[in-house]
Colleague: 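Once you've had a glance at the structure underneath, I'll fire off some questions.
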Amino acid sequence: MAQKPGIPKGTRDFNPEEVSKRNYIINTIKKEFEVFGFLPIETPSFENSETLMGKYGDEGDRLIFKILNSGDFLSKVDDALYVKKDSGALTPKISEKALRYDLTVPFARYVVMHQNEIDLPFKRYQIQPVWRADRPQKGRFREFYQCDADVVGSKSLWQEVEFVQLYDKVFSDLGLKGVTIKMNNRKVLSGIAEVIGAKDKLIDFTVALDKLDKIGEEGVKKEMLAKGIAAEAIEKVKPLFSFEGSNADKIEKLKDLLSTSEEGMKGVNELEFIINTIDSLGLNEAKLDLDVTLARGLNYYTGAIFEVAAPAEVKMGSIGGGGRYDDLTGIFGLKNVSGVGISFGLDRIYLVLEELGLFPESVTENTKVLFINFGENEALYGMKAIKKLRKKGIKAELYPDSSKMKKQMNYANKRSIPFVVLAGDKEIEEEKFTLKNMQSGEQKSVSFDEMKDILV
RNA sequence: GUGGUUGUAGCUCAGCUGGUUAGAGCGCUGGAUUGUGGUUCCAGAGGUCGCCGGUUCGAACCCGGUCUUCCACCCCA
């Protein structure tokens, strides 16, 4: 008995239409990456475990897919360790490779390994799948694509300015109106924590603050209290809960709040430069919004933090994110190389474009004309015409078997092929083609050139 | 990792308080129709009721486990 096939949790098959639509997004992103001067690289699907482990925090380690060693790997494990059944201790003994979890850490590894061939600042882009052993839910899969662009070896804030423009350009190209590029700065967050006297609680403080739009002011206060942040400290950050106004207003408010924090002021100045510069350059469709509650993967960001929110009418998490990490390659022994980068969430962008009906029709355009097969001679006559049509870039094909008319017509119908050509003895003799418009049902006898003109 | 949810034909779903042979629509195959599709009519194929176990005279239905789907939390794209 044949077994019923299935695919692993959180993975997907993509049908022809889906692949066409995904390629449309990928090609749009890729084009802009290249226009902005980024170069493509690729890295392996799996890395040595030690390259990945410990780079994403405990939570991240848990979500990394580990690959079992080959061969008789258990025989090499010593009995004492085996009997203890401590997965954490046993894992490194039986698994030395793991699927990549993101593209940033492999990129850092790449920069360190290839530092002699790279000219800094190095701008690279990378579009490849990554894997996470997460529980799937809306817009979250265990295998998904990331589209990353990063620059290493430049501390200039012009890079941040460029990334804001890059986000704006790509989403404009995709016809997505109303996206918000949210921006914050790690130094501002540190500064706030410092000013309220909760510097040691920076992570807890920002994680709680990040949830403001989700759980509201009271929820955030509650969580901060639960994490041991003093009530009077929370009182001091109250202005942040209702941080309204233009970006310029927000900058002024932050300057007041952070006047005593050197680091905080540095962050504010960075934000101010980026905002002012973007103001004078202008954006196509996107809106740049200073959001002091934005924290994201705080672990390695040290300067700017970006997150792109889908248009408000779509209920979807972020469709992109990024930021600056001053010492990304430090973990691999290369000091003082600053990096900044952004990522596009392909799968989520797909869901958003689908929901808003923004895929152009041309994306899924298929065969334009099907030649009915009446037998060997007729097929050859048709194939000669098909060859010439294809040379003109017209998508044409011959039905492979001389099956019944009904079956062949039906095939054209179901694939919504707009034209059918019937060419039998009569047409061959007259050197003509009977071209039928499948939608209107009308058909006429035409020469090759007339047919070509209609199909172009 | 925590909590909930889902699974019956290729697809979408019915299936009563547990009771003979599990149904429909769509799709599929063939025919009415040997150079004309979409409409119509006729016929046919297709199911270990997710899987394993339990309760029962009897389970698609009740119970336990497991896998899967989707959702929320944690975290994140």
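As the structure is a computational prediction, the values presented were derived from the model and not from experiment. Lettering of chains follows the sequences in order, A, B, ..., and the numbering in each one begins at 1.
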Colleague: Taking only heavy atoms on the protein side, list every residue of residues 31-41 of chain A lying under 4.0 Å from any atom of RNA chain B, sorted numerically.
Modeller: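 Contacts with RNA chain B under 4.0 Å: none.
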Colleague: Does the G37(B) base have a donor-acceptor partner in the side chain of Arg415(A) within less than 3.5 Å?
Modeller: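 Side chain to base: no pair below 3.5 Å.
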Colleague: I'd like to know if the side chain of Asn413(A) reaches the main chain of Met409(A), judged simply by a donor and an acceptor atom lying under 3.5 Å from each other, with no hydrogens or angles considered.
Modeller: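 Answer holds: no.
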Colleague: Extract from the structure each pairing of a protein N or O with an N or O of nucleotides 27-29 of chain B at less than 3.5 Å, listing the distance.
Modeller:
| unit_1 | atom_1 | unit_2 | atom_2 | d |
| --- | --- | --- | --- | --- |
| C28(B) | OP1 | Lys414(A) | NZ | 3.2 |

Colleague: Please measure how far the C1' atom in C49(B) lies from the corresponding atom in C61(B), and state the result in whole Å.
Modeller: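 C49(B) and C61(B) have their C1' atoms separated by 10 Å.
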Colleague: Let me check something: any side-chain donor-acceptor pairs from residues 377-384 of chain A under 3.5 Å, sequence neighbours excluded? List them with distances.
Modeller:
| unit_1 | atom_1 | unit_2 | atom_2 | d |
| --- | --- | --- | --- | --- |
| Tyr381(A) | OH | Lys432(A) | N | 3.2 |
| Tyr381(A) | OH | Lys432(A) | O | 2.9 |

Colleague: Apply side-chain hydrogen bond (donor to acceptor under 3.5 Å, both in side chains) to Thr367(A) and list each qualifying residue two or more places apart in sequence or on a separate chain.
Modeller: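 With neighbours one apart ignored, the set is Glu397(A), Arg415(A).
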Colleague: Distance between the C1' atoms of C74(B) and U8(B), in whole angstroms?
Modeller: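 My reading of the C1' atoms in C74(B) and U8(B) gives 35 Å.
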Colleague: Say whether, by atom type as modelled, one donor and one acceptor occur between the side chain of Arg348(A) and the main chain of Ser318(A) under 3.5 angstrom.
Modeller: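 A pair under 3.5 Å: yes.
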Colleague: List in chain and number order the residues that pass side-chain hydrogen bond (donor to acceptor under 3.5 Å, both in side chains) with Asn410(A), two or more places apart in sequence or in another chain; answer none if no residue qualifies.
Modeller: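 Partners of Asn410(A) by the side-chain hydrogen bond (donor to acceptor under 3.5 Å, both in side chains) criterion come out as none, since no residue qualifies.
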Colleague: When the side chains of residues 29-38 of chain A are checked against the rest of the protein, which donor-acceptor pairs come out under 3.5 Å, sequence neighbours left out?
Modeller:
| unit_1 | atom_1 | unit_2 | atom_2 | d |
| --- | --- | --- | --- | --- |
| Glu32(A) | OE2 | Lys169(A) | NZ | 3.1 |
| Glu34(A) | OE2 | Tyr125(A) | OH | 2.5 |

Colleague: Base contacts versus sugar-phosphate-only contacts with protein, heavy atoms under 4.0 Å: please encode nucleotides 65-70 of chain B as B, S and - from 5' to 3'.
Modeller: ---SS-
Colleague: Is it true that Glu450(A) and Lys444(A) make a salt bridge, defined as a side-chain N closer than 4.0 Å to a carboxylate O?
Modeller: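 Salt bridge flag = no for Lys444(A) with Glu450(A).
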Colleague: What distance, rounded to whole Å, do you find between the two P atoms, one in U55(B) and one in A59(B)?
Modeller: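 Rounded to whole Å, the distance is 11 Å.
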Colleague: Give me, pair by pair, the N or O atoms of the protein and of nucleotides 41-45 of chain B that are less than 3.5 Å apart, along with how far apart they are.
Modeller:
none

Colleague: Can you tell me, in whole Å, how much space there is between the C1' of U56(B) and that of C73(B)?
Modeller: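 The same atom, C1', in both gives a distance of 40 Å.
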Colleague: How about Ser343(A) and Asp148(A): does a side-chain donor come under 3.5 Å of a side-chain acceptor?
Modeller: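 On atom types as modelled, these side chains qualify, holding a pair under 3.5 Å.
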Colleague: Can you check whether Phe144(A) stacks with the A77(B) base, using ring centres under 5.5 Å and planes within 30°?
Modeller: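 Ring-base stacking flag set for Phe144(A) and A77(B).
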Colleague: Check nucleotides 32-35 of chain B against the protein and report each pair of N or O atoms closer than 3.5 Å, with its distance, or say if there are none.
Modeller:
| unit_1 | atom_1 | unit_2 | atom_2 | d |
| --- | --- | --- | --- | --- |
| G35(B) | O6 | Glu427(A) | OE1 | 3.3 |
| G35(B) | N1 | Glu427(A) | OE1 | 3.2 |
| G35(B) | N1 | Glu427(A) | OE2 | 3.3 |
| G35(B) | N2 | Glu427(A) | OE2 | 3.2 |

Colleague: Could you give the distance separating U12(B) and U17(B) at their C1' atoms, to the nearest angstrom?
Modeller: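 Between the two C1' atoms, the distance is 28 Å.
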Colleague: Might you work through the ring-ring contact (aromatic ring centres under 6.0 Å, His included) test for Tyr350(A) and Phe359(A), ending with a clear yes or no?
Modeller: CA-CA 9 Å; Tyr350(A) 182 104; Phe359(A) 285 108; 5.4 Å; yes
Colleague: Fill in the dot-bracket string of RNA chain B, one character per base: . for unpaired, | for a pair to another strand, ( ) or [ ] for pairs within the strand, taking Watson-Crick or G-U pairs under 3.5 Å.
Modeller: ((((..(..((((.....[...)))).(((((.......))))).....(((((..]....))))))..))))....
Colleague: For residues 320-331 of chain A, run the donor-acceptor check on the side chains, cut-off 3.5 Å, and write out each pair with its distance to 0.1 Å, sequence neighbours left out.
Modeller:
| unit_1 | atom_1 | unit_2 | atom_2 | d |
| --- | --- | --- | --- | --- |
| Arg324(A) | NE | Glu160(A) | OE2 | 2.6 |
| Arg324(A) | NH1 | Ser154(A) | O | 2.9 |
| Arg324(A) | NH1 | Ser338(A) | OG | 2.7 |
| Arg324(A) | NH2 | Ser154(A) | O | 3.4 |
| Arg324(A) | NH2 | Ser156(A) | O | 3.1 |
| Arg324(A) | NH2 | Glu160(A) | OE1 | 3.0 |
| Arg324(A) | NH2 | Glu160(A) | OE2 | 3.4 |
| Tyr325(A) | OH | Asp150(A) | OD2 | 2.2 |
| Asp326(A) | OD1 | Ser338(A) | OG | 3.2 |
| Asp326(A) | OD2 | Thr302(A) | OG1 | 3.2 |
| Thr329(A) | OG1 | Leu334(A) | O | 2.7 |

Colleague: Is there a donor N/O on one and an acceptor N/O on the other, under 3.5 Å, for the side chain of Arg140(A) and the base of C75(B)?
Modeller: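 A donor-acceptor contact between them is present.
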Colleague: What nucleotide, of G1(B), A77(B), C75(B), holds the atom closest to the side chain of Arg135(A)?
Modeller: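 Nearest to the side-chain atoms of Arg135(A), counting from C-beta on, is G1(B).
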Colleague: Ignoring hydrogens and angles, write down the donor-acceptor pairs under 3.5 Å from the side chains of residues 100-109 of chain A, residues two or more places apart or on other chains.
Modeller:
| unit_1 | atom_1 | unit_2 | atom_2 | d |
| --- | --- | --- | --- | --- |
| Arg100(A) | NE | Pro129(A) | O | 2.7 |
| Arg100(A) | NH1 | Thr43(A) | O | 2.9 |
| Arg100(A) | NH1 | Pro44(A) | O | 2.7 |
| Arg100(A) | NH2 | Pro129(A) | O | 2.8 |
| Asp102(A) | OD1 | Tyr56(A) | OH | 2.7 |
| Asp102(A) | OD1 | Thr104(A) | N | 3.3 |
| Asp102(A) | OD1 | Val105(A) | N | 3.3 |
| Arg109(A) | NH1 | Glu47(A) | OE1 | 2.9 |
| Arg109(A) | NH1 | Glu47(A) | OE2 | 2.5 |

